[in-house]
2 protein chains.
Amino acid sequence: MTDYYTPGEVARRHGLSLDTLRYYEREGLLAQVERSPAGHRRYRASDVEMLDLVRCLRDTDMPIARLREFAELVRAGDHTIPQRIEVLVEHDAQLTARIAELRRRQEAIRHKIDYYRGVLAENRSDTEEEGR
Amino acid sequence: MTDYYTPGEVARRHGLSLDTLRYYEREGLLAQVERSPAGHRRYRASDVEMLDLVRCLRDTDMPIARLREFAELVRAGDHTIPQRIEVLVEHDAQLTARIAELRRRQEAIRHKIDYYRGVLAENRSDTEEEGR
DNA sequence: CTGAAGGGTGGAGTGCACTCCAGGTCAAGT
DNA sequence: ACTTGACCTGGAGTGCACTCCACCCTTCAG
């Protein structure tokens with residue numbers, strides 16, 4: 001039992017590739033990850049926590065650049081909490097808007113499906129008439 | 001008054017660039033658009049209708065490749081309506097799943113916001129105590 | 001002692017969906 | 001006659017987010 005996670009563990013747990021994990025670190029989304037004497041990464045609970053948030057924001061389409069800004073705020077210390085809240089609140093609003101848009105589009109798609117089903121139903125009854 | 005739309009009109013109405021419009025045509029998302037004697041495109045009502053659907057599907061993240069397949073079904077004639085329904089129904093399901101995921105992530109983000117607000121509230125009461 | 005597993009690096013490559021550009025045509029207005 | 005604006009073409013370029021590669025190192029089971 002150790003108090004850190006290996007790259008493989010973290011990657012598996014988050015469904016990310018090792019390359020992506022390293023990429024996120026390079027891009028400044030994660031702070032300086034600790035290393036073992038052999039140079040291997042050791043992810044602490046705090047890294048994993050940050051990664052959870054990163055994944056949450058990435059999965060809701062926050063661009064890497066914005067995530068980096070957010071990560072910089074985190075690294076700058078607790079006095080940036082108001083700005084962090086601002087970022088998250090804005091993203092939350094965008095998310096609400098995006099969900100609403102998806103719903104609207106979904107409605108339209110469903111109408112199209114219904115329309116096509118209507119066409120099929122009509123063709124079917126045409127065939128029945130023919131058969132009479 | 002004409003019974004077709006110019007590229008500029010179509011682009012404005014759909015919020016697409018002329019380049020994107022041409023790109024979609026090249027990629028086979030739109031059928032053979034008619035041309036004026038001068039070689040300029042003339043979009044018919046049916047093109048605009050197709051474009052509405054294309055936009056609907058693109059805005060809900062259907063990849064261009066899948067859209068091309070769908071467009072090919074449309075061009076192949078009415079006997080492909082069952083397959084078209086299949087495509088749309090599957091996309092609808094993916095959309096439902098995506099919306100659910102976004103909602104879940106949004107919940108998590110909101111929890112984080114609340115957490116940060118809690119930290120702020122605590123700091124504020126600390127300061128008050130100091131001032132006493 | 002060996003070889004497989006699991007990591008490390010820098011840098012190049014990929015896939016997607018556009019987006020831009022140079023150089024050209026055409027129609028209409030002044 | 002000239003300019004302007006809308007459009008045309010083929011092809012190159014862009015931005016994003018990974019993803020892959022070659023080559024190297026260490027640890028550990030058999």
Side-chain angles (χ1 to χ4, degrees), chain A residues 1-2 4-30 32-44 47-48 50-51 53-71 91 94 98 101 105, chain B residues 1-2 4-30 32-44 47-48 50-51 53-71 91 94 98 101 105:
Chain A
M1 204 59 202
T2 50
Y4 58 80
Y5 303 89
T6 66
E9 280 166 3
V10 174
R12 270 187 300 277
R13 258 175 235 281
H14 286 84
L16 296 171
S17 70
L18 291 175
D19 274 316
T20 301
L21 223 47
R22 289 190 282 252
Y23 167 69
Y24 284 175
E25 193 179 338
R26 263 203 312 284
E27 292 299 307
L29 273 45
L30 262 46
Q32 41 359 286
V33 177
E34 271 184 59
R35 300 303 183 101
S36 75
H40 291 194
R41 284 170 180 79
R42 285 176 168 176
Y43 295 89
R44 296 280 161 184
D47 295 317
V48 170
M50 183 63 185
L51 202 54
L53 186 51
V54 164
R55 229 173 133 28
C56 208
L57 296 173
R58 269 303 299 142
D59 284 357
T60 51
D61 302 317
M62 182 181 286
I64 297 289
R66 189 107 173 102
L67 262 156
R68 178 170 35 237
E69 285 170 26
F70 184 84
H91 187 64
Q94 285 174 11
R98 177 68 179 144
E101 195 201 351
R105 303 294 190 186
Chain B
M1 207 54 206
T2 49
Y4 58 79
Y5 302 90
T6 66
E9 280 166 3
V10 174
R12 269 188 301 277
R13 257 175 237 281
H14 286 84
L16 296 171
S17 71
L18 291 174
D19 274 315
T20 301
L21 221 48
R22 288 190 282 251
Y23 168 68
Y24 283 175
E25 193 180 338
R26 262 204 312 285
E27 292 299 308
L29 272 47
L30 262 45
Q32 41 359 286
V33 176
E34 269 184 62
R35 300 304 182 102
S36 76
H40 290 195
R41 284 171 181 79
R42 286 177 168 175
Y43 294 89
R44 298 278 162 187
D47 295 317
V48 170
M50 184 62 185
L51 202 54
L53 186 51
V54 164
R55 229 174 133 26
C56 208
L57 296 174
R58 269 303 299 142
D59 284 356
T60 51
D61 302 317
M62 182 181 285
I64 296 289
R66 189 105 173 104
L67 261 156
R68 178 171 33 238
E69 286 169 26
F70 184 83
H91 187 63
Q94 283 174 11
R98 177 68 179 146
E101 195 201 350
R105 303 293 191 185

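It should be emphasised that the depicted structure is a prediction, and the values quoted were computed from it without experimental measurement. Heavy-atom basis, side chains included; hydrogens, waters and symmetry copies ignored. Note on naming: letters A, B, ... go to the chains in the order of the sequence lines (proteins, then strands), and numbering restarts at 1 for each one.
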Regarding C/dC20, can its base be found pairing with the side chain of B/D19 as donor and acceptor, where the two atoms are less than 3.5 Å apart? yes

For C/dT19, take OP1 and OP2 only and decide whether either is under 4.0 Å from a side-chain N or O of B/T20. yes

Under 4.0 Å between a Lys/Arg side-chain N and an Asp/Glu carboxylate O for A/R66 and A/E69? yes

Assign each of A/H40 and B/T6 the nucleotide of DNA chain D bearing its closest heavy atom; nearer the 5' end lies the nucleotide of B/T6

Assign each of B/M62 and A/P7 the nucleotide of DNA chain C bearing its closest heavy atom; nearer the 5' end lies the nucleotide of A/P7

With a 4.0 Å cut-off, would you call B/R98 and B/E101 a salt bridge? yes

Taking OH from B/Y24 and C1' from C/dC16, how many angstroms apart are they, rounded to a whole number? 12 Å

Going by an N to O cut-off under 4.0 Å, is there a salt bridge joining A/E9 and A/R12? no

Length of the line joining A/E34:CD and C/dG8:C1', which is rounded to integer Å: 17 Å

Minimum-distance nucleotide (side-chain atoms of A/I64 versus D/dA17, C/dT19, D/dC7): D/dA17

Whole angstrom is fine here: how far is it from CZ in A/R12 over to C1' in C/dG7? 12 Å

What does B/R26 touch in the nucleic acid at a heavy-atom separation under 4.0 angstrom: a base, only the sugar-phosphate, or nothing? base

Report yes if a side-chain nitrogen or oxygen of B/R41 is closer than 4.0 Å to either non-bridging phosphate oxygen (OP1 or OP2) of D/dT9; otherwise report no. yes

Students often get this wrong, so: under 4.0 angstrom with heavy atoms, is B/S36 touching a base, only sugar-phosphate, or nothing? nothing

Let me see the working for B/M62 and B/Q94 under side-chain contact (heavy atoms from CB on, under 4.5 Å), right down to the final yes or no. CA-CA 10 Å; B/M62 182 181 285; B/Q94 283 174 11; over 6 Å; no

Of D/dC18, D/dC7, D/dT27, the nucleotide closest to the side chain of A/A38 is D/dT27

Does the side chain of B/Y23 get closer than 4.0 angstrom to OP1 or OP2 of C/dC16 through an N or O atom? no

Could you state the CG-P distance from B/L21 to D/dC7, rounded to the nearest angstrom? 10 Å

Could you check how far CZ of A/R68 sits from P of D/dC18, rounded to whole Å? 13 Å

Nearest to side-chain heavy atoms of B/R35, which nucleotide of D/dC18, D/dC8, C/dC18: D/dC8

Whole angstroms only, please: what is the CZ-P distance between A/R22 and C/dA12? 17 Å

Applying a 4.0 Å non-hydrogen cut-off, can you work out what B/P63 is touching in the nucleic acid: base, sugar-phosphate, or nothing? sugar-phosphate

Which of the following nucleotides, C/dC18, C/dG8, D/dT19, is nearest to the side chain of A/S17? D/dT19

Please determine if B/D47 and B/R13 form a salt bridge, counting it only when a charged side-chain N lies under 4.0 Å from a carboxylate O. no

Sole residue of A/H40, A/R44, A/R41 in side-chain hydrogen bond (donor to acceptor under 3.5 Å, both in side chains) with A/E34: A/R44

Whole angstrom value for the distance that separates C1' of C/dC18 from CD of B/E27: 10 Å

Spacing between A/L57 atom CG and D/dA17 atom C1', to the nearest angstrom: 16 Å

